[in-house]
Amino acid sequence: MSVRTVKQWDADFRRHGEAGLAPKKQSRRSQPSVDERWLETALEVMVEHTDQSRPSRTLVIERARARVIARFGPEVVPQPSRATAFRMVAELERRHPLFRLSTKRHRDIADRPEGPYGKLRPTRPGEYVLMDTTRLDVFGCDPLTLRWVQAELTVAMDWYTRCITGIRLTPVSTKAAPRRPARPRRRP
């Protein structure tokens with residue numbers, strides 16, 4: 001930082017207190033004024049392309065211009081210059097990413113539920129059951145194959161009462177289906 005900057009900070013602090021150290025608003029040159037109707041229309045075009053293939057920025061700008069003219073009439077909404085339109089589309093991409101990263105990711109984000117993820121609160125017994133599986137450091141002998149296998153423990157707990165509602169000890173994996181006992185072979 002230069003000495004002049006520090007002196008300016010000191011003067012701002014003495015004049016306005018801590019609020020004087022807050023960043024100043026951007027100048028008019030860095031943030032061009034674009035009609036809100038044009039920005040809303042451009043964002044609407046970007047949202048429409050979420051489930052489609054990735055469009056170019058030029059396509060979004062041209063469709064936004066055509067839609068603004070069709071809705072509000074020619075010369076009613078001032079159209080931004082080409083360079084300003086590109087800057088505004090880049091700003092809108094912060095709110096609705098479309099041109100970067102993968103299209104599949106954008107579709108997944110768009111398919112998320114709108115409500116916030118929150119904590120579930122049980123109100124009665126049996127409403128929610130929590131389950132967890134842990135691989136144990138214990139081996140057992142499988143009676144069918146006579147091989148040593150590792151065991152997994154699965155526990156189910158009622159969230160409201162905090163009572164254990166079920167326990168299962170399975171060989172090898174929880175996904176293993178219980179096997180029927182093999183029939184003895186007849187020897188000729």
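Being a predicted model, the structure only gives us computed values, none of them experimental.
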Identify the two heavy atoms, one from [X] and one from [Y], that lie closest to each other, and give their separation to 0.1 Å.
{"X": "T5", "Y": "S2", "value": "OG1-OG, 2.9 Å"}
{"X": "A42", "Y": "L92", "value": "CB-CD1, 3.7 Å"}
{"X": "V129", "Y": "A156", "value": "CG1-CB, 3.9 Å"}
{"X": "T170", "Y": "R168", "value": "CG2-NE, 3.3 Å"}

Is there a path of hydrophobic side-chain contacts, each under 4.5 Å between heavy atoms of I/L/V/M/F/W/Y residues, joining [Y] to [X]?
{"X": "I167", "Y": "L130", "result": "yes"}
{"X": "W9", "Y": "V3", "result": "no"}
{"X": "I164", "Y": "M131", "result": "no"}
{"X": "L169", "Y": "V138", "result": "yes"}

Flag, side chain of [X] to backbone of [Y], donor-acceptor distance under 3.5 Å:
{"X": "D158", "Y": "G126", "value": "yes"}
{"X": "Q150", "Y": "L136", "value": "yes"}
{"X": "E127", "Y": "T123", "value": "yes"}

Salt bridge present between E93 and R57 (N-O < 4.0 angstrom): yes
Ion pair check, D10 and R14, cut-off under 4.0 Å: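 R14 and D10: salt-bridged.
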Non-hydrogen side-chain atoms of V155 and L153 separated by less than 4.5 Å: yes
Non-hydrogen side-chain atoms of P55 and F99 separated by less than 4.5 Å: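 SC-SC contact between P55 and F99 confirmed.
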From CA spacing to verdict: side chain to side chain contact (heavy atoms under 4.5 Å, CB included), M157, R162: CA-CA 6 Å; M157 180 185 80; R162 307 279 197 244; 4.2 Å; yes
Greater than 12 external heavy atoms within 6.0 Å of R147's CZ: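 Open.
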Candidate pair F86 and I61, rule side chain to side chain contact (heavy atoms under 4.5 Å, CB included), full reasoning: CA-CA 8 Å; F86 272 96; I61 292 168; 3.8 Å; yes
Worked check of salt bridge (Lys or Arg N to Asp or Glu O under 4.0 Å) between E44 and R67: CA-CA 10 Å; E44 179 183 304; R67 199 171 288 180; 2.9 Å; yes
Side-chain polar contacts of residues 72-83 - donor-acceptor pairs under 3.5 angstrom, sequence neighbours left out - could you list them?
residue : atom : partner : partner atom : Å
Q79     : OE1  : W38     : NE1          : 3.2
S81     : OG   : T84     : N            : 3.3
S81     : OG   : T84     : OG1          : 2.9

So how far is it from [X] [atom1] to [Y] [atom2], rounded to the nearest 0.5 Å?
{"X": "Y128", "Y": "R121", "atom1": "OH", "atom2": "CZ", "answer": "10.5 Å"}
{"X": "E36", "Y": "T41", "atom1": "CD", "atom2": "OG1", "answer": "10.5 Å"}
{"X": "L43", "Y": "L98", "atom1": "CG", "atom2": "CG", "answer": "10.0 Å"}
{"X": "W148", "Y": "D142", "atom1": "CH2", "atom2": "CG", "answer": "11.0 Å"}

Candidate pair R87 and V34, rule side chain to side chain contact (heavy atoms under 4.5 Å, CB included), full reasoning: CA-CA 11 Å; R87 280 195 300 272; V34 176; over 6 Å; no
Residue that, paired with T154, satisfies side-chain hydrogen bond (donor to acceptor under 3.5 Å, both in side chains) out of T134, D132, T133: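 The side-chain hydrogen bond (donor to acceptor under 3.5 Å, both in side chains) with T154 is passed solely by T133 among T134, D132, T133.
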